[in-house]
Amino acid sequence: MTNGTTRREFLGTLAAFSLFPLEHEKPDLLLHNGHIVTMNPAEPFAEAVAMARGRFFAVGKNADILNLAAPGVRKMDLAGKTVLPGFIDAHSHPADAGLMHLRMVDCDLRSISAIQAALRERAAKTPAGEWVLGFKYDDTKTEDGRPLSIADLDAAVPDHPVHIQHRGGHTSYSNSLAFRKAGIDEKTPDPPGGKIDRDPATGKLSGRVAESANTYFEKAIPHNFTRDDHREGVKLISKMLAKTGITSAHEAQGTPDDLRAYQDARDSGDLLFRAYCLINYRYIDAMIAAGTRTGLGDEWVRVGAMKLVCDGSISERTARLSAPYEGRPNDFGILVMTEEELYTYGRKAHLAGWQIGTHANGDVGIDTTLRVYERLQKESPRHDPRFRLEHCTIINDDLIARIKALGAIPTPFSTYVYYHGEKMRYYGAERLNHMFALRTFLDAGIRATQASDYPPGEFIPMMALQSEVTRTDTKGNVWGPKQKITVEEAIRVGTINGAYASYEENLKGSIEVGKLADLVVLGRDPLKENPSTLVTIPVERTMAGGRWTFES
Ligand SMILES: [Zn+2]
């Protein structure tokens, strides 16, 4: 024991040595002179940290950690910067988003003319007649105060079919050539469950279609992604996530293609975040037949829960509610799968040792999902099943008691209040106090996570902190102030709670000896920041497994 080493630090070092045989392990990197917020309750703050082979080797005071330095070891002076554990996004769609960013125009722009310019630029690089595709368009976020029209798109790109998906994913906007290629004209009737928008005066196509009418375009647009494209998509989104401090993401709607893409990207050195891959229920038979279950894999790519979908969406107002949407007295939203279907798939997965994650937004959707989980546990009790409630947006006291009793894990949208605040008025002020209900979850001892649902939601962890702490949107409107949490709680939600949701709380989520060396270095300290500027805190560096995945 060196001078100045406390007993606890010495024991911490012993723990490291018990994981790594002493004769083989020396730290290969030291970070010192930092303000390290560990999220380890036994040692909440530290000045320095040593890494060996991708894991934390020692955590403590500058002098003690620097004492561990053998000659030639890499040392970095953090100059007082704040370090947090790497962020874990517990519900996102990175593989799909990566492909979209690879092939499509990002239409998250603030004016119709900016969108037109971006489309024109892409068309100039695209052979005539081939599709120009866009995504992340949001009609509520352009300064024009009106949606994109078919004339806007024809003016920007006349010689290529243009098709743009709305950020929420349920509506799309196209130019005249795209409508012709999709086989739609003014006389085409609305398909069941869909709508082809027309000018009420002239009957001419407006450019927008909704819900099942999108399938006309889906059929007309060639989907020719190669295995390499999938890997490239993961590579691209890896860089985007790493830049914001994310070191792990739970892929919320994984397919075998996605699982392979993550493995391909890992093998080529392009995977910069750890992927916990939930598997769409349509593949569960094949996955079970192959002998796989939740947890298979390694610390970079792991098979996650089976994913089911119970009800609709919050941003596009199709979540199933017990009381109707504001101003729409007969609209209670929709249920996507029946309770019996959820049970049938759920039982199969539950008996085969799978974790289950069910998309459930509205209070009726959550109630239905909990009933299925309760039944599964009653009929076939399993130790520590960690049932997940994807989104789990609108809650009440009864649901909270049942979530607590089951030990279920909600993954509420982290950035919606800040980023999509203007869409929240459809829920009414009172209901907003029961939405994205982190205060209620944490007070009840429920381990809710940080979750973006990107692309529909933004994934920036600093935005999640601001959204959760202030419950305030970009225009200064406050939505559901009773659900505010503290910055420290928001960090916990975004780190160790995310690790728990994938059964990895002993592997990551805090800066602790023996855990994976995943961390983020920030330009300012979120614990001292004015909550209304948390989103502006710069991410300077991100590390996953002892390797810098982003350096500013
Ligand atoms: Zn999702």
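Order of listing sets the numbers, starting from 1, for every ligand and every atom in it.
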Chemist: Would you call Glu390 and Lys307 a salt bridge, using N to O less than 4.0 angstrom?
Modeler: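 Lys307 and Glu390: not salt-bridged.
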Chemist: For the residue pair His101 and Phe135, is the inter-centroid distance of their aromatic rings smaller than 6.0 Å?
Modeler: yes
Chemist: Would you say the Zn ion (ligand 1) has His391 as a near neighbour, meaning an N/O/S atom of that residue under 2.8 Å away?
Modeler: no
Chemist: Tell me whether His359 has at least one N, O or S atom under 2.8 Å from the Zn ion (ligand 1).
Modeler: no
Chemist: For the Zn ion (ligand 1), which N, O or S atom of Asp453 is at the shortest distance?
Modeler: OD1
Chemist: Does the side chain of Asp229 pick up a donor-acceptor pair with the side chain of Thr226 at under 3.5 Å?
Modeler: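 Judged by distance alone, the side chains do pair up.
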Chemist: Would you give the length of the straight line joining atom CD of Glu299 to atom OG of Ser248, rounded to the nearest 0.5 angstrom?
Modeler: 10.0 Å
